[in-house]
Amino acid sequence: MDTPLVAIVTGANRGIGCAIRAALVQQLPGPLILYAASRTGGSIDLLGLSIPPAVQICPAQLSLTDKASITALSTMVGNEHRGCDILINNAGLYYFQQNITAAQRQETLDVNYRGTLNVCQAFLPIMRENGRIVNVSSQSGQLKYFHPRLQARFLSPDLTFADLDALLGEYSRLADQHTATASGWPSLAYFTSKAALNAATRILARENPHLLINCCCPGWVGTPLGAQAGQPPKSVEEGARIPLRLAIGDIGQISGQYWANESVASTGNGKIQDW
Ligand SMILES: NC(=O)c1ccc[n+]([C@@H]2O[C@H](COP(=O)([O-])OP(=O)(O)OC[C@H]3O[C@@H](n4cnc5c(N)ncnc54)[C@H](OP(=O)(O)O)[C@@H]3O)[C@@H](O)[C@H]2O)c1
């Protein structure tokens with residue numbers, strides 16, 4: 001029997017993550033072992049899908065703010081399968097209101113940037129040749145929301161994780177002093193967290209040329225997260241399209257790029273965009 005593909009989807013219990021894992025099951029004939037990770041690690045709704053016999057879905061516990069849970073999952077996948085082919089970092093959070101607390105700001109950076117990066121770094125040692133990592137980002141991470149001086153730092157071709165940490169440290173200090181916006185940062189921490197995720201994606205791709213590592217905006221999608229900003233035009237199935245393309249579609253050898261549609265309402269499957 002062929003070696004099964006091993007795939008991980010984070011935040012797979014609801015929203016876009018739920019649609020991503022359903023689409024993976026529908027579009028990959030197997031053999032496939034799919035870890036559907038969620039904070040509770042509880043059993044997952046199979047959405048009435050008939051699961052092909054060569055597909056195995058395993059619920060898994062993962063909290064992006066608990067490094068031990070990240071290490072435990074990568075160790076378990078490494079021990080049981082000696083490799084991973086597809087990692088889709090979909091889990092994320094968005095405090096949409098302007099006046100969030102310092103703790104909510106920190107949580108936003110910890111989940112959307114730090115926790116997602118920790119998952120990437122925990123899985124890198126077991127990613128198979130030509131394996132794919134997809135980081136679900138957002139159009140909110142686009143650098144047009146940042147001062148040109150900050151844009152240049154995020155886009156530096158030599159950017160390191162230490163530089164990125166320094167940038168985020170600077171942002172947090174200014175936000176504590178309520179001077180971040182006046183200093184050229186966007187007003188919502190979500191925007192900074194997703195720009196950092198895009199920058200981290202570029203660094204990871206540069207450092208791991210044997211993998212395809214990309215990030216994307218799924219568009220404006222009808223989930224509790226998306227509905228904070230109004231009436232989202234896209235379904236979760238439509239929101240899953242770009243992440244799915246980056247995970248299993250034909251993207252040649254492209255790595256380190258940000259993919260999105262022309263507008264957040266478009267239901268296309270994305271193209272490379274500046275961010
Ligand atoms: N919806 C949109 O319009 C939109 C637009 C642009 C980008 N995105 C991005 O798309 C991704 C999915 O968003 P969604 O709209 O599907 O949101 P959602 O319905 O709110 O689902 C978010 C998922 O992330 C998980 N999550 C949150 N915090 C976590 C943590 N600390 N550890 C582990 N899992 C955590 C949630 O788990 P629980 O169920 O345990 O809370 C849930 O599974 C996010 O990265 C988001 O930023 C969404």
Side-chain angles (χ1 to χ4, degrees), residues 8-23 35-45 59-73 87-96 103-120 122 133-142 145 188-198 200-201 214-244 246-247 258-261 263-267 270 273 275:
I8 320 289
V9 180
T10 71
N13 54 316
R14 63 186 173 95
I16 299 169
C18 197
I20 292 173
R21 60 140 164 106
Y35 285 91
S38 66
R39 271 197 279 201
T40 63
S43 64
I44 47 162
D45 185 353
Q61 199 274 326
L62 180 87
S63 169
L64 292 177
T65 50
D66 175 11
K67 208 168 175 185
S69 77
I70 296 173
T71 310
L73 182 58
L87 168 62
I88 305 181
N89 285 305
N90 160 77
L93 65 79
Y94 190 0
Y95 289 109
F96 184 68
Q104 288 170 325
R105 176 179 8 104
Q106 190 58 46
E107 185 188 4
T108 303
L109 299 178
D110 285 347
V111 170
N112 294 348
Y113 166 64
R114 176 74 51 203
T116 303
L117 179 57
N118 285 340
V119 176
C120 292
I133 298 179
V134 181
N135 292 325
V136 180
S137 184
S138 169
Q139 68 84 29
S140 303
Q142 287 181 295
Y145 300 114
L188 295 174
Y190 182 75
F191 286 46
T192 298
S193 72
K194 294 295 192 180
L197 181 59
N198 293 350
T201 302
N214 289 285
C215 59
C216 65
C217 175
W220 187 15
V221 180
T223 66
L225 187 153
Q228 295 180 105
Q231 182 72 52
K234 291 175 67 169
S235 68
V236 288
E237 290 76 19
E238 290 165 343
R241 273 186 199 154
I242 303 178
L244 208 69
L246 299 182
Y258 166 78
W259 300 66
N261 289 320
S263 90
V264 291
S266 164
T267 56
Q273 308 267 3
W275 53 279

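When a ligand or atom number is given, it counts from 1 through the structure's own listing order.
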Chemist: Can you tell me the protein heavy atom closest to atom 5 (C) of ligand 1 and the distance?
Modeler: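 Going atom by atom, the protein heavy atom closest to atom 5 (C) of ligand 1 ends up being G219 O, 3.0 Å.
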Chemist: Output the list of atoms in ligand 1 that are nearer than 4.0 Å to some heavy atom of G226, sorted by atom number.
Modeler: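 Matching atoms, with element in brackets: 1 (N), 2 (C), 3 (O).
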Chemist: Would S38 count as a contact residue for ligand 1, given that I'm defining contact as a non-hydrogen atom of the residue lying under 4.0 Å from a ligand atom?
Modeler: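 No; S38 lies far enough from ligand 1 that no heavy-atom distance drops under 4.0 Å.
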Chemist: Look at atom 14 (P) of ligand 1 and say which protein heavy atom is nearest, naming residue and atom and giving the distance to 0.1 Å.
Modeler: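 I find the closest protein heavy atom is T223 OG1, 3.6 Å.
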Chemist: Taking atom 24 (O) of ligand 1 as the point of reference, which of S69, G239, G92 owns the nearest heavy atom?
Modeler: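 The option holding the nearest heavy atom is G92.
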Chemist: Using a heavy-atom cut-off of under 4.0 Å, does the side chain or the backbone of V221 touch ligand 1, or both, or neither?
Modeler: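 Under 4.0 Å from ligand 1, V221 contributes backbone and side-chain atoms.
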Chemist: Which ligand 1 atoms, with their elements, are less than 4.0 angstrom from a heavy-atom of S138?
Modeler: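 What qualifies from ligand 1 is 6 (C), 7 (C).
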Chemist: Looking only at heavy atoms, which two atoms of Y94 and L188 are closest? And how far apart?
Modeler: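 So the two residues come closest at OH-CD1, 3.5 Å.
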Chemist: Applying a 4.0 Å heavy-atom criterion (strictly less than), which segment of P218 is in contact with ligand 1: side chain, backbone, both, or neither?
Modeler: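 Under 4.0 Å from ligand 1, P218 contributes side-chain atoms alone.
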Chemist: Which residue holds the protein heavy atom closest to atom 34 (N) of ligand 1, what is that atom called, and what is the gap in Å?
Modeler: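 Here the nearest protein heavy atom works out to A91 CB, 3.5 Å.
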Chemist: Quick test: of every protein heavy atom, which one is nearest to atom 18 (P) of ligand 1, and how far off is it to 0.1 Å?
Modeler: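 Looking at atom 18 (P) of ligand 1, the protein heavy atom closest to it is R14 NH1, 3.4 Å.
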Chemist: Do Y258 and Q139 meet the criterion of a side-chain donor-acceptor pair at a distance under 3.5 Å?
Modeler: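 No - no donor-acceptor pair under 3.5 Å links their side chains.
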Chemist: May I ask you to identify the nearest protein heavy atom to atom 40 (O) of ligand 1, giving residue, atom name and distance to one decimal place in Å?
Modeler: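 Protein heavy atom at minimum distance: R39 NE, 2.9 Å.
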Chemist: If you define the side chain from C-beta out and look only at heavy atoms, does anything of N261 sit under 4.5 Å from R241?
Modeler: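 No, too far: nothing below the 4.5 Å cut-off.
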Chemist: Please check if any side-chain donor atom of N112 sits under 3.5 Å from a side-chain acceptor atom of S193, or the reverse.
Modeler: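 Yes, because at least one side-chain N or O of N112 sits under 3.5 Å from a partner of the opposite role on S193.
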Chemist: Check each of T116, N89, N135 against T201 using the side-chain hydrogen bond (donor to acceptor under 3.5 Å, both in side chains) test, and report the only one that passes.
Modeler: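 Among the candidates, only N135 passes.
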Chemist: Is the closest heavy atom of P224 to ligand 1 under 4.0 Å?
Modeler: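 Per 4.0 Å heavy-atom rule, P224 contacts ligand 1.
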Chemist: May I ask you to list the atoms of ligand 1 that are less than 4.0 angstrom from any heavy atom of L62?
Modeler: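 Counting atoms of ligand 1 from 1, those under 4.0 Å from L62 are 33 (C).
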Chemist: Is the shortest side-chain heavy-atom distance between L93 and T108 below 4.5 Å?
Modeler: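 When only atoms from C-beta onward are counted, T108 and L93 do touch, with a gap below 4.5 Å.
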Chemist: With distance as the sole criterion, is a donor-acceptor pair present between the side chains of N198 and S137 under 3.5 Å?
Modeler: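 Judged by distance alone, the side chains do pair up.
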Chemist: Examine ligand 1 and decide if any of its atoms is less than 4.0 Å from a heavy atom belonging to W220.
Modeler: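 For ligand 1, residue contact (heavy atoms, under 4.0 Å) with W220 is present.
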Chemist: Is the backbone N or O of W275 less than 3.5 Å from a side-chain atom of Q142, with the two atoms forming a donor-acceptor pair by type?
Modeler: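 Not a single qualifying donor-acceptor pair exists.
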Chemist: Quick one: does G222 get a heavy atom under 4.0 Å from ligand 1?
Modeler: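 No, G222 has no heavy atoms under 4.0 Å from ligand 1.
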Chemist: So which heavy atom in the protein is nearest atom 10 (O) of ligand 1, and how far is it from that ligand atom?
Modeler: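 Scanning the protein heavy atoms, the shortest distance from atom 10 (O) of ligand 1 goes to V136 CG1, 3.4 Å.
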Chemist: Tell me the protein heavy atom at minimum distance from atom 12 (C) of ligand 1, and give that distance in Å.
Modeler: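 Here the nearest protein heavy atom works out to N90 OD1, 3.1 Å.
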Chemist: Under 4.0 Å from a heavy atom of G15: which atoms of ligand 1 are those, numbered in the order shown and with their elements?
Modeler: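 Counting atoms of ligand 1 from 1, those under 4.0 Å from G15 are 16 (O), 19 (O).
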Chemist: Considering only heavy atoms of G11, which atoms of ligand 1 have at least one such atom less than 4.0 Å away?
Modeler: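 This gives 43 (O) as the contact atoms.
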Chemist: In the protein, which heavy atom is nearest to atom 47 (O) of ligand 1, and how far is it?
Modeler: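 Sorting protein heavy atoms by distance from atom 47 (O) of ligand 1 puts Y190 OH, 2.6 Å first.
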Chemist: So is K194 in contact with ligand 1, going by heavy-atom distances below 4.0 Å?
Modeler: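 Judged by the 4.0 Å heavy-atom criterion, K194 does count as contacting ligand 1.
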